[in-house]
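Everything on this sheet refers to the single structure shown next.
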Amino acid sequence: MDPEAATNGTAVTEFILLGLVETEMLQYLVFVLFLFAYLLTVGGNLSILAAILVEPKLHTPMYFFLGNLSVLDAGCITVTVPAMLGRLLSHKRTISYDACLSQLFFFYLLLGVDCFLLTAMAYDRFLAICRPLTYSARMSHSVQCILVAVSWVGALTNALIHTIALTTLNFCGPNEVNHFYCDLPQLFPLSCSSTQLNELLLFAAGVIMAGTPLTLIVTSYIHIAAAILRIRSVEGRKKAFFTCSSHLTVVCLLYGTGIFNYMRLGTEEASDKDKGVGIFNTVINPMLNPLIYSLRNPVVQGALWRVITGKRH
């Protein structure tokens, strides 16, 4: 390591993303699979958004949040996958330092808003099931907009903190990132300056960005479960559970992979697992969300069919 480079700030001007596979044949297979996943994810999420916009029955707070979630999922996969596909096509594995910072900032921004919106959706279900008489007043359109705005402000603050903190680190080689996109746990080991503060910030942000929303979600569902158990009719209990099952599935997928990835330090030994978690966070979760929310919902299915066929009724 060059001592002069270590004292002169960031000497590395680009990183080498090693990607998912080494052999050329497998790279073509990965390209086809990820291109298909990208088109399916963006198309699916934008279709859900279009269905929500055209179907009056879906003009409710829950689907207002779901529409925002669909935009976030389309954005989240767009931050990472197209750049990876471009590198596979060009056979260039490099990404500039500035592009790496930008990718990291937008990924953390969109992922953070995702976490907060899922919390808002849990609060919406809590009000609808546990406080039905005051639901309309407590979940007015202005309240919905405030919840979305607070989600963006909180996530923006988190993304800025991590991005600015990363710029204080010195990178003077090596510059090989054993991943297919820029992420903090994989960048820390490449720094030739202390990452102790950055790791502390990452852990603290994990507690705030994941722990606090997850606590609120669990608390909401404890009250919801108690209210459902008090419903006398079996049909009523099934209907109440059905309105929550899709949201719970998405929460488990997002927080399960997120906690595994960010509540520990990235290590070389765990790098292959990190790639798997990265695929879940950036590709599989955004791709599954439209399926989870539309698969068993006849109203959404009907609206999607009208969007596809162009029929209004």
Side-chain angles (χ1 to χ4, degrees), residues 44-76 106 108-159 208-210 212-225 227-228 239-255 285-286 289-290 292-294 296-304 306-307:
N45 280 288
L46 293 183
S47 296
I48 289 286
L49 180 62
I52 291 169
L53 291 173
V54 303
E55 177 55 68
K57 290 180 182 177
L58 300 179
H59 293 173
T60 64
M62 185 66 177
Y63 288 101
F64 172 77
F65 294 129
L66 178 58
N68 280 273
L69 199 65
S70 297
V71 173
L72 289 171
D73 286 336
C76 197
F106 284 108
Y108 275 69
L109 172 65
L110 296 174
L111 198 63
V113 180
D114 218 333
C115 290
F116 286 132
L117 271 186
L118 288 173
T119 310
M121 292 170 81
Y123 176 62
D124 172 75
R125 291 300 83 202
F126 164 75
L127 290 179
I129 294 172
C130 302
R131 305 286 187 272
L133 297 179
T134 59
Y135 176 72
S136 298
R138 293 190 181 188
M139 193 52 73
S140 63
H141 186 66
S142 59
V143 171
Q144 297 167 44
C145 293
I146 289 170
L147 289 172
V148 171
V150 169
S151 299
W152 277 96
V153 170
L156 178 62
T157 303
N158 177 64
I208 296 169
M209 298 294 294
T212 303
L214 189 57
T215 301
L216 293 172
I217 290 170
V218 170
T219 303
S220 296
Y221 273 104
I222 289 173
H223 289 286
I224 289 169
I228 290 175
K239 185 178 179 182
F241 177 76
F242 173 76
T243 63
C244 301
S245 58
S246 298
H247 177 254
L248 271 174
T249 305
V250 173
V251 167
C252 290
L253 286 172
L254 179 67
Y255 281 94
N285 286 350
N289 285 358
I292 291 169
Y293 280 105
S294 64
R296 294 182 299 157
N297 192 321
V299 179
V300 175
Q301 290 172 0
L304 280 172
R306 284 190 286 279
V307 168

Supply the atom-to-atom distance [X] [atom1] to [Y] [atom2], rounded to the nearest 0.5 angstrom.
{"X": "I52", "Y": "T60", "atom1": "CD1", "atom2": "OG1", "result": "8.0 Å"}
{"X": "L254", "Y": "C76", "atom1": "CG", "atom2": "SG", "result": "9.0 Å"}
{"X": "M62", "Y": "R125", "atom1": "CE", "atom2": "CZ", "result": "5.0 Å"}
{"X": "I217", "Y": "I222", "atom1": "CD1", "atom2": "CD1", "result": "12.0 Å"}

Polar side-chain atom of [X] near backbone of [Y] as donor-acceptor pair, under 3.5 Å:
{"X": "Q144", "Y": "F65", "answer": "no"}
{"X": "S246", "Y": "I292", "answer": "yes"}
{"X": "N158", "Y": "G154", "answer": "no"}

Quick one: list whatever passes side chain to side chain donor-acceptor pair (under 3.5 Å) with [X], sequence neighbours left out.
{"X": "N285", "answer": "none"}
{"X": "E55", "answer": "R306"}
{"X": "D114", "answer": "none"}
{"X": "S140", "answer": "S142"}

Counterpart residues, side-chain contact (heavy atoms from CB on, under 4.5 Å), relative to [X] (two or more places apart):
{"X": "A50", "result": "V307"}
{"X": "A227", "result": "I129, C130, R230"}
{"X": "I146", "result": "V150"}

Could you report the tightest heavy-atom contact between [X] and [Y], atom names first, then the distance?
{"X": "G67", "Y": "L49", "value": "O-CD1, 3.7 Å"}
{"X": "M209", "Y": "G112", "value": "CE-CA, 3.6 Å"}
{"X": "A303", "Y": "V54", "value": "O-CG2, 4.4 Å"}

Check: [Y] and [X] side chains under 4.5 Å, non-hydrogen atoms:
{"X": "N68", "Y": "F64", "value": "yes"}
{"X": "L147", "Y": "F116", "value": "no"}
{"X": "V300", "Y": "Y63", "value": "yes"}
{"X": "M139", "Y": "Y123", "value": "yes"}
{"X": "L117", "Y": "W152", "value": "no"}
{"X": "N45", "Y": "L72", "value": "no"}
{"X": "P213", "Y": "L118", "value": "no"}
{"X": "Y135", "Y": "D124", "value": "yes"}

Stepwise side chain to side chain contact (heavy atoms under 4.5 Å, CB included) check, M121 with L69: CA-CA 10 Å; M121 292 170 81; L69 199 65; 4.1 Å; yes

For [X], all residues meeting ring pair (Phe, Tyr, Trp, His ring centres under 6.0 Å), sequence neighbours excluded:
{"X": "F126", "answer": "H223"}
{"X": "H59", "answer": "none"}
{"X": "F106", "answer": "none"}
{"X": "Y221", "answer": "H247"}

Residue pairs fulfilling salt bridge (charged side-chain N to carboxylate O under 4.0 Å, His left out) with at least one residue in residues 129-148, sequence neighbours excluded: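 Checked against salt bridge (charged side-chain N to carboxylate O under 4.0 Å, His left out) - neighbours excluded - no pair reaches residues 129-148.
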
Worked check of side chain to side chain contact (heavy atoms under 4.5 Å, CB included) between S70 and L46: CA-CA 7 Å; S70 297; L46 293 183; over 6 Å; no

